[in-house]
Amino acid sequence: MPEWLYDAPEPRGLIFLIVTVVLGGLAAFVTGRTVAQTWRPFWAIPLYMVLLAAAVRFIHSAVFSGTLLSLKSYLVDLVVLLVIATIGHLHSRRRQMAVQYAWRDSTGTTR
């Protein structure tokens, strides 16, 4: 991970992958999927991801001695989690629409 993108005393690419992408990403994917399954609006996802990014930052700080209050690192975590949560939301919503509106084919005409 480039130094200009993420604050870290030494290179921590593997730690970033494990904590932010794998652990935080799984939580973000499930959150996005749950928001879609409960038919909540999409704008709820950024609210949840702000909290999840703070939790990911805390894990970086508490477990791996990373910087807790780093705006740059927080924003990188937030963007990664938002992308993954959006993928989970779109995946689940696409399946919901296919089931809900199975009587319509892909051209938009009724069967």
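As the structure is a computational prediction, the values presented were derived from the model and not from experiment. Just so you know, residue 1 is the first one in the sequence shown, and it goes up from there.
- Between Leu69 and Tyr74 there is no side-chain heavy-atom pair separated by less than 4.5 Å.
- In this structure, CZ in Arg33 is found 8.0 Å from NE2 in His91, a value given to the nearest 0.5 Å.
- Between the side chain of Ser92 and the backbone N or O of Gly88 there is no donor-acceptor pair closer than 3.5 Å.
- The two residues Leu23 and Val19 have their closest heavy-atom pair at CB-O, 3.4 Å.
- The line from CG of Leu75 to CG of Leu82 is 10.5 Å long, rounded to the nearest 0.5 Å.
- The number of heavy-atom neighbours closer than 6.0 Å to CH2 of Trp39, taken from other residues, nucleotides and ligands shown, is above 12.
- Side-chain atoms of Val22 and Leu17, non-hydrogen and from C-beta on, never get closer than 4.5 Å to each other.
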Steps toward side chain to side chain contact (heavy atoms under 4.5 Å, CB included) verdict (Val63, Phe58): CA-CA 8 Å; Val63 178; Phe58 177 75; over 6 Å; no
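- For the pair Ile84/Met49, no side-chain contact is recorded, criterion being any heavy-atom separation below 4.5 Å from C-beta on.
- There is a path of hydrophobic side-chain contacts, each under 4.5 Å, that joins Val83 to Phe16.
- His89 is not listed as a side-chain neighbour of Thr31, based on a closest heavy-atom distance of 4.5 Å or more.
- Between the CZ atom in Arg93 and the CD atom in Gln100 there is a gap of 10.5 Å [rounded to 0.5 Å].
- Between Phe42 and Val35, every side-chain heavy-atom pair lies at or beyond the 4.5 Å cut-off.
- Across every non-hydrogen atom of Gly24 and Val56, the tightest pair is CA-CG2, 4.0 Å.
- Atoms CG and CG, on Leu52 and Leu47 in that order, are 13.0 Å from each other to the nearest 0.5 Å.
- Residues Ile45 and Ala85 approach most closely at CG2-CB, 3.7 Å, considering heavy atoms.
- Considering all non-hydrogen atoms of both residues, Arg57 and Leu68 come closest at CD-O, 3.7 Å.
- With values rounded to the nearest 0.5 angstrom, Ile18 atom CD1 is found 6.0 Å from Phe64 atom CZ.
- Taking hydrophobic clusters as Ile, Leu, Val, Met, Phe, Trp and Tyr residues chained together by side-chain heavy-atom distances below 4.5 Å, Val79 does not share a cluster with Leu51.
- Heavy-atom minimum distance, Thr67 versus Ser73: OG1-OG, 4.4 Å.
- Hydrophobic clustering (side-chain heavy atoms under 4.5 Å, transitive across Ile, Leu, Val, Met, Phe, Trp, Tyr) keeps Phe29 apart from Leu90.
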